[in-house]
Protein chains: 2
Amino acid sequence: MARIIIDKNSSRKEVILTKAASLFREKGYKAASMRDLAESVGVEAASLYNHIKSKTELLHEICFGVANRFMHKMEEVEGEKISPIEKIEALIRFHIDEMILHYEEVYVMDREWKHLSDPYLSNFQNQRRMYRKRFAAIIEQGISLKNIKPIDASTAVLILLHAIGGIESWHRSTQKISAEALTANMISILIGGIAASAKG
Amino acid sequence: MARIIIDKNSSRKEVILTKAASLFREKGYKAASMRDLAESVGVEAASLYNHIKSKTELLHEICFGVANRFMHKMEEVEGEKISPIEKIEALIRFHIDEMILHYEEVYVMDREWKHLSDPYLSNFQNQRRMYRKRFAAIIEQGISLKNIKPIDASTAVLILLHAIGGIESWHRSTQKISAEALTANMISILIGGIAASAKG
DNA sequence: ATAGTATGCTAACGTGTGTTAGCGATGAAT
DNA sequence: ATTCATCGCTAACACACGTTAGCATACTAT
């Protein structure tokens, strides 16, 4: 009889969650079936329900697991005594690290949150809105301090966050540059733009 | 008996395609059912098949319709006698315009192309890869001409294209700035970065 | 008015879905 | 060795899906 193989630090549920994230990323939440998931875990579909409540629960846990990490980081950064630009750079760096380290989960949260069902859906959307508002507030601080040029703050947030989402394509690419080089490039471009400037 | 209402310039199939794009955008390709589509068109599900071959066909036509427009623009821009930076600006502007004008279709192409089936899938992926290569080539020209700072060109392409995809969130936002202001902001940020520079 | 085509309807098909019930096997604790 | 909870299996459920067949209705052109 097959068994879900676990290592010391992760329960059977966590194994399922990891495989689910990978599958949801690959096929999309709706297209990934519980039978697919079962196969990738090495077990029959019904057996999954000894460890999880439902398919939706998997999506909840993935989405909120990631979202909570971002919220936590936001609180941390807001409290630091550094300039707005440095805060933004810290956040970007965190986003990139998260995307590289927890690729599947972050990707799934980004693209599949639509399939959450209420009350989780509204909850998620609220949290997202709040996060962006606080990000925009930091940008606006930078603008009043004249460290950031007078742009529309929420547009800037959109650009930053979605640009980072683009790491998805980097992650798949065969001829990748290193993660460090990628991070350096992104920050350089997002903070300084692509145009050559007098400063260097 | 219900009938699909058409205006002078669009066939019934085109009406279905438009509604399909809107539905695929809202729910995702897999989650949107033919019965949903039928209802939004004002007809029974089976009746759709007098006008279309299959659900997948709808996705093909949406994806390649948009992709072809981008490819065509790329060819046009490549042929113009302007600087690389101007070419990039022209392409960004086109992307933004397309996103604003054909929001649903562009969004669906961007997020739902995974559900294409071969040979359309490989075709699409090839075309996408080519487009990005040609975009990167323009950036590299700009780098050799020292109009663009020495960054990794393919990373820059990722950032640019994904940043534009972020208009999705703008499109939904209640308190939006105008399309012109958005475009100006985006180009300013992407070309010049967010940091205040000596140049102004 | 009539013929022919375009369009729509109802009914149904086969298949895949998430999930549950009930039972057998395994592992841990006494 | 026995007990008890944990875990996995088979079988099946009710339902939603994309799609087809066959027939009825509406429009178009003569």
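The shown structure was predicted, so the numbers you read here are calculated from the model rather than taken from an experiment. Computed over heavy atoms, backbone and side chain alike; hydrogens, waters and symmetry mates excluded. In what follows, chains carry the letters A, B, and so on, assigned in the order in which the sequence lines appear, proteins first and then strands, with residues in each chain numbered from 1.
- A/E104 meets the side chain to side chain donor-acceptor pair (under 3.5 Å) test with A/R25; sequence neighbours excluded.
- Formation of a donor-acceptor pair under 3.5 Å by the B/K55 side chain with backbone atoms of B/A32 is found in this model.
- Transitive grouping of hydrophobic side chains (ILVMFWY, heavy atoms separated by less than 4.5 Å) brings B/M130 and B/W113 into a common cluster.
- Within residues 34-41 of chain B, the residues approached by DNA chain D to less than 4.0 Å at the level of any non-hydrogen atom are B/M34, B/R35, in residue-number order.
- Formation of a donor-acceptor pair under 3.5 Å by the A/E57 side chain with backbone atoms of A/K53 is found in this model.
- Pairs engaging residues 33-51 of chain A under the salt bridge (charged side-chain N to carboxylate O under 4.0 Å, His left out) rule: A/K27-A/D36 [sequence neighbours left out].
- For the segment residues 15-33 of chain B, no residue has any heavy atom less than 4.0 angstrom from an atom of DNA chain C.
- Between the side chain of B/S47 and the backbone N or O of B/V43, no donor-acceptor pair lies under 3.5 Å.
- Aromatic rings of A/F70 and A/F94 (six-membered ring for Trp) have centroids within the 6.0 Å cut-off, being under it.
- A salt bridge links A/R69 to A/E98: one of the charged nitrogens lies within less than 4.0 Å of a carboxylate oxygen.
- Contacts of B/R132 classified as side-chain contact (heavy atoms from CB on, under 4.5 Å), with partners at least two apart in sequence or in another chain: A/S169, B/R128, B/V157, B/L158, B/L161, B/H162.
- At least one donor-acceptor pair under 3.5 Å links the side chain of B/E112 to the backbone N or O of B/Y29.
- Of the candidate nucleotides D/dT20, D/dT10, C/dG8, D/dT20 has the atom nearest to the side chain of B/A46.
- Taking atom CD on A/E44 and atom C1' on D/dA12, their separation rounds to 14 Å, with Å as the unit.
- Across the protein-nucleic acid pair, B/K13 atom NZ and C/dT7 atom P stand 12 Å apart, rounded to whole Å.
- Counting to the nearest Å, the P atom of D/dA5 and the CZ atom of A/R12 are 18 Å from each other.
- Residues A/F64 and A/N123 are in side-chain contact: their nearest non-hydrogen atoms beyond the backbone lie under 4.5 Å apart.
- Contacts of residues 49-66 of chain A with DNA chain D (heavy atom under 4.0 Å): A/N50, A/H51.
- Within the structure, a side-chain polar atom (N or O) of A/S47 is placed less than 4.0 Å from OP1 or OP2 of D/dC9.
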